[in-house]
Amino acid sequence: MSRFLSDRLQSLAPYVPGEQPKVSNLIKLNTNESPFSPAPGVTEAVKEAAGSLQLYNDLSASRLVGLLSDTYGLEKSQIAVGNGSDEMLAFAFQAFGGHGLIFPDITYGFYPVWANLYGLDAKIAPLDADFNVDLRDYRGNDRCIVLANPNAPTGKALTILEMAEIVENNPDQVVIVDEAYVDFGAESALAFVPQYENVLVVRTFSKSRQLAGARLGFAMGHEKLIDDLNRVRYSFHPYNVNTLTQAAGAAALEDPRYFEACRKSIIETREWTREQLLSLGFRVLPSSANFLFAAAPGVSGPEYQQRLRERNILIRHFDLPRIRDFNRITIGSREQMEALIQATKELLA
Ligand SMILES: *Cc1c(COP(=O)(O)O)cnc(C)c1O
């Protein structure tokens with residue numbers, strides 16, 4: 001820290017991303033990336049787009065937004081794209097968190113960081129003993145609500161009826177639903193967008209569309225909410241989604257069969273892995289995401305992580321009070337998960 005850093009930032013605890021090691025022989029199950037390559041059309045599309053990099057990118061990302069509009073059945077004016085969903089969420093926090101925010105104690109670790117960065121008051125609503133959202137926390141509420149659904153790192157999801165209760169009980173608050181993992185089996189709040197003016201659904205190409213490194217996310221909501229996000233964007237960085245990323249995203253959307261095949265494979269492999277871990281005596285939460293949240297029998301959370309690391313397998317541990325026994329294990333390919341199970345059997349033996 002230099003002596004020049006603004007006072008306000010000195011106490012900030014930045015988000016700590018999962019490790020991105022440079023060595024290549026690791027089985028990387030620690031940051032919820034897809035084990036599959038981008039859709040086959042992506043490389044060619046990016047190559048072609050590179051030919052016009054001397055020009056600024058399309059501010060309205062019209063082709064990409066048009067494809068999102070077709071894919072999700074919304075108007076273009078109900079969609080905004082960003083540099084990863086992290087950027088969309090950061091814009092939403094700034095736009096709608098002015099009178100405070102509320103989110104669970106166990107959830108995406110970036111939420112409290114943004115609240116601090118932007119000087120917003122955050123109320124923490126603890127999940128219950130089984131890591132479920134307590135709907136009562138969101139009744140009579142006067143803050144912007146932020147819910148990851150499915151939640152991270154638990155993988156647990158709210159049903160559409162539970163979401164409806166939260167949305168209908170809070171007509172004067174924006175409900176931000178972070179659906180980074182929704183494609184892996186949860187019910188989406190997207191159906192509320194045409195009906196309610198207070199729902200903002202945020203999604204990403206990082207997890208289910210094989211494009212984490214491209215940095216592409218999007219928000220869907222009432223056109224006035226989207227206008228508000230653009231207000232923040234045009235006050236910060238209007239050219240937020242570069243030409244190559246727009247092309248990559250469009251090519252991914254143009255291949256729904258590849259998307260479906262990857263998604264289906266990950267869901268199947270998740271259920272296989274869950275059965276295996278349960279039969280080894282793990283506690284495994286039910287998951288609607290591309291990861292499992294699991295506690296190993298007879299070894300601590302950090303110890304399980306460390307012993308897998310010695311066998312070149314990375315998983316993610318969060319050193320937080322209620323979840324120290326658990327690790328978050330990304331679902332990779334079937335071969336990778338077989339290696340995880342084999343290593344686990346050895347280290348528990
Ligand atoms: C991965 C993740 C994001 C961020 O996704 P990017 O689009 O890569 O920025 C947002 N929310 C949750 C809950 C995530 O797990």
Side-chain angles (χ1 to χ4, degrees), residues 14-20 28-35 38 61 64 68 79-93 97 101 103-115 117 127 131 133 145-158 163 175-186 188-189 200-220 229 233 237 240-242 245-246 248-249 252-253 259 263 266 270 285 287-293 315-318 320 323 326-332:
Y15 178 72
V16 184
E19 190 186 351
Q20 297 292 358
K28 206 175 160 302
L29 307 175
N30 66 331
T31 52
N32 294 345
E33 291 144 325
S34 173
L64 176 61
L68 285 169
I79 302 169
V81 293
N83 194 311
S85 61
D86 282 342
E87 189 186 58
M88 289 281 94
L89 289 163
F91 288 176
F93 271 56
L101 301 138
F103 47 80
D105 58 342
I106 310 293
T107 191
Y108 187 36
F110 229 134
Y111 301 156
V113 178
W114 286 315
L117 177 63
L127 298 177
F131 302 110
V133 168
I145 296 168
V146 188
L147 290 167
N149 198 45
N151 197 10
T154 64
K156 284 198 148 185
L158 290 160
M163 292 299 315
V175 182
I176 301 172
V177 191
D178 179 354
E179 294 191 349
Y181 301 104
V182 77
D183 291 324
F184 301 107
S188 175
L200 190 75
V201 174
V202 179
R203 292 207 189 175
T204 176
F205 281 65
S206 296
K207 315 292 168 45
S208 59
R209 291 192 186 270
Q210 290 65 242
L211 286 177
R215 312 306 305 129
L216 182 58
F218 55 109
M220 299 178 284
L229 292 181
R233 175 182 157 216
H237 182 208
N240 59 341
V241 182
N242 73 68
T245 295
Q246 290 187 26
L253 288 172
F259 164 74
R263 186 167 93 96
I266 289 167
R270 176 187 73 209
L285 300 191
S287 171
S288 307
N290 68 338
F291 56 82
L292 290 167
F293 203 49
I315 59 174
R316 185 98 195 256
H317 182 259
F318 298 91
L320 297 171
I323 55 174
F326 287 82
N327 276 282
R328 192 193 67 191
I329 305 168
T330 303
I331 303 302

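Ligands are counted one by one from 1 in listed order, and the atoms in each one are counted from 1 as well.
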Asks: Give a yes/no verdict on whether any heavy atom in G217 is under 4.0 Å from an atom of ligand 1.
Replies: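 The answer is no, since G217 has no heavy atom less than 4.0 Å from ligand 1.
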
Asks: So, does E87 sit close enough to ligand 1 that a heavy atom of it is under 4.0 Å from the ligand?
Replies: no

Asks: Give a yes or no on whether the ring-centroid distance for F131 and F326 is below 6.0 angstrom.
Replies: yes

Asks: Less than 4.0 Å is my threshold; does some heavy atom of M88 fall inside it relative to ligand 1?
Replies: no

Asks: Show the nearest heavy-atom pair for residues A61 and V81, with the distance to one decimal.
Replies: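 Smallest interatomic distance, heavy atoms only, reads CB-CG2, 3.8 Å.
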
Asks: Does the side chain of S288 reach to within under 4.5 Å of the side chain of N149, using non-hydrogen atoms?
Replies: no

Asks: Within ligand 1, which atoms have a heavy atom of K207 less than 4.0 Å away?
Replies: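 Near K207, meaning under 4.0 Å from one of its heavy atoms, ligand 1 has 1 (C), 2 (C), 3 (C), 5 (O), 14 (C), 15 (O).
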
Asks: Number the atoms of ligand 1 from 1 as they appear, then name those within less than 4.0 Å of a heavy atom of R215, with their elements.
Replies: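 Counting from 1, the qualifying ligand atoms are 6 (P), 8 (O), 9 (O).
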
Asks: Measuring only between side-chain heavy atoms, which start at C-beta, is R209 closer than 4.5 Å to F259?
Replies: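 Yes, their side chains come closer than 4.5 Å.
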
Asks: Yes or no: does F205 have any heavy atom under 4.0 Å from an atom of ligand 1?
Replies: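 Not so, F205 does not reach ligand 1.
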
Asks: Report yes or no: does a heavy atom of D178 sit under 4.0 Å from some atom of ligand 1?
Replies: yes

Asks: Any side-chain heavy atom of L253 within less than 4.5 Å of one from L64?
Replies: yes

Asks: Quick check: Y108 with F103 (ring centres under 6.0 Å apart)?
Replies: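 F103 vs Y108: aromatic centres not under 6.0 Å.
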
Asks: Can you list the atoms of ligand 1 that are under 4.0 Å from a heavy atom of T204?
Replies: 5 (O), 6 (P), 7 (O), 8 (O)

